Amino acid sequence: MTQKGSGRLLPAWAKTAIGFVLSLALTGLGLLAITFFIGRVVPIDPVLAVVGDRAPPAVYEAAKERMGLNDPLILQFVHYVAGILRGDFGLSVSTQRPVMEDIARYFPATLEMATLGILIGVVIGVPLGALAAARQGSIIDQVIRVIGLAGYAIPAFWLGLVGLVLFYAQLKWVAGPGRIDIFLDGMVPPVTGLLLVDSLIAGDFESFTNAFSHIILPATILGFFSLAYIARMTRSFMLDQLGQEFIITARVKGVPARVIIWRHAFRPIRVQLITVIGLSYAALLEGSVMVETVFSWPGIGNYLTTALLNADMNAVLGGTLVIGAVFIAINKISDALYRILDPRAR
Amino acid sequence: MALLEVENLKVRFPSESGMVEVVKGVSFSLGQERLGIVGESGSGKSMTGRALLGLIPKPGVVTADRMQFDGIDLTRLNERAFRRLRGARLSMILQDPKFSLNPVMTIGEQIGEALAFHGRMSAREQKQRVLKMLEAVRITDPERVYRLYPHEVSGGMGQRVMIAMMAVLEPDLMIADEPTSALDVSVRGQVLEILDDLVQRTGMGLIMISHDLNMVARWCDRILVMFNGRVVETCAAGKLGEATHPYTRGLLASLPRLDETRQTLPVLDRQSLGGL
Ligand SMILES: Nc1ncnc2c1ncn2[C@@H]1O[C@H](COP(=O)(O)OP(=O)(O)OP(=O)(O)O)[C@@H](O)[C@H]1O
Ligand SMILES: [Mg+2]
């Protein structure tokens, strides 16, 4: 009776939604706890960063008291969380701007490049992997195996340099490092921070094509790595499905090969693919440091590297927090899609 | 003319030590009747059935002196022509609905698919045919079952769905490859009854593959006994008692009977069959 009673009190979707929000909040809190903890254990003295290393002990102590560092740890954590919730990540020592402002400036550059990269990876990688599985042992299959291996073996910075030399310096097909040519920089009013989107909003076609010719090479290089991974996984998921009994059932019914591949074998693997794509997307977002460095891309990877080298603790923690939040978000989205797409998980 | 004539059917698979024959020259013919194929695991029953449908997996090779279905030479059919035959005129019920139904397609969609690739009909008409077929396999609320996914139905109902899917186009020949061995004992009888009903109503030929000599003897007109890739005995179901081959005699002897008080069941004496 109690079971049924509570069941009637809340519809199933509401329970799912509440569970979703709760787990999101818990994971977020966990992430905050981790960054807070990192902030306390690294051998960087936040007080020194503010007062300088030649300040007299009295000034040092006063600053420490003012920064709340003499409070009990739990109170410090509460203040930390409250600050984050207000969007206050502290000041960056190296840029002298609020970390929040820096992130709003750098993160969209990374997001834009990674998103284009994952699009390339999915649009090419999924059909390629499916094709390889459908024609196991064929030339296409071999080519995809090689691509998959290359994705493992080739370092991103090397591919970036070769790409720049070939397509920028030699062939002049694309623009060079940076997000946009200097004479166009700052011409597009920022709305989303994504140059391709903002230039379209502003109707500035010149900026759009310029930004596109800047982003296409690094995005393709990122896309190559996700393509290699996605194609490899798609191939192995598809092979698994094509060996199942229900494929024989479909053949007995007289279903053509093309339909067997896309309807019978591909449909069941969509949920697995979502997880793979989510992982790959997260990897591009947090792992684009190499490509960002080679292409002087003003993204979060570059920002984090600089912050780390300067012992800029607030910036490091802020950047880590953002990347962690993105990771959680991608995870939750693929989880939700999973529930929608797999009838067994509903 | 017989519905199906098979002469010297062989199925081989390449292996490290050369070609391995798993079906070693099987011959039989079939009219509008029920033929039972019995034999132990690995004796080549399923491979015989699948060869008839052109469904031997890739490196496998099928040869036959003759494999004729209703005047059509199956040995010379390409995949396209085979596909037109499958589902529509030649069909097969697989063993376990847990694995043989697509987990992410609704039951209605899966049965409808059998119709969709053989001739045109409107979506409405297709749905009506599917619902009627679900009724024919004694599903009482076809509208509801139409929308369910395979994991939402029981094994017995899943197998009835399988039968509906494979019989919806009223094929001339149905191969049932152990249609009840994955099911709970309590629903086996019902599933067999439904199959029997269909065969009687549509007059289709039936090949029933099974381990279960008793069941096959009860449900079929004629019986083939297979052992190690060969047919070792062919007889009318009623004349099973007069079987002469030592393997069949061995099988019969190891069947438990109600009116006896044996302490241990005799097992097959494999030594004496070694030469097969
Ligand atoms: N793809 C394959 N490659 C090689 N050998 C195979 C392959 N598929 C089946 N076989 C072999 O063919 C033989 C006959 O298999 P088959 O499935 O016809 O047996 P069966 O009589 O149906 O047995 P069961 O009662 O267990 O279903 C087996 O020994 C099996 O190992
Ligand atoms: Mg079998």
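Computation of the quantities below employed the complete heavy-atom set of this structure, encompassing side-chain atoms and omitting hydrogens, waters and symmetry-equivalent molecules. Chain letters run A, B, ... following the sequence lines, proteins first and then strands; every chain starts at 1. Keep in mind that what you see is a predicted model, and the values were worked out from it rather than measured.
- Within 6.0 Å of CZ in A/Phe327 there are 12 or fewer heavy atoms belonging to other residues, nucleotides or ligands.
- B/Arg84 does not touch chain A: none of its heavy atoms, backbone or side chain, sits under 4.5 Å away.
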Acceptor/donor pairs from residues 215-223 of chain A side chains to any protein atom, 3.5 angstrom cut, sequence neighbours excluded:
residue, atom, partner, partner atom, Å
A/Thr220, OG1, A/Ile216, O, 2.5

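- Heavy-atom neighbours of A/Leu22 CG from other residues, nucleotides or ligands within 6.0 Å: above the threshold of 12.
- Within residues 231-250 of chain A, the residues having any heavy atom less than 4.5 Å from a heavy atom of chain B are, in residue-number order, A/Glu245, A/Phe246, A/Ile248, A/Thr249.
- Looking at A/Lys253, its side chain does come within 3.5 Å of a backbone N or O of B/Gln110 through a donor-acceptor pair.
- Both the backbone and the side chain of B/Phe99 have a heavy atom closer than 4.5 Å to some heavy atom of chain A.
- For residues 330-344 of chain A, a heavy-atom distance under 4.5 Å to chain B picks out A/Asp342, A/Pro343, A/Arg344, given by residue number.
- Along residues 261-280 of chain A, the residues that come nearer than 4.5 angstrom to chain B, judged on non-hydrogen atoms, are A/Arg263, A/His264, A/Arg267, A/Pro268 in order of number.
- Ranked by heavy-atom pairs under 4.5 Å with chain A, the first of B/Asp96, B/Leu55, B/Leu115 is B/Leu55.
- Atom CZ of A/Arg135 has 12 or fewer heavy atoms from other residues, nucleotides or ligands within 6.0 Å.
- Using a 4.5 Å cut-off between heavy atoms, B/Met166 contacts chain A through its side chain alone, with no backbone atom that close.
- From A/Arg251, atom CZ reaches atom CZ of B/Arg86 across 5.0 Å, with rounding to the nearest 0.5 Å.
- With a threshold of 4.5 angstrom between heavy atoms, B/Leu94 approaches chain A through side-chain atoms but not through N, CA, C or O.
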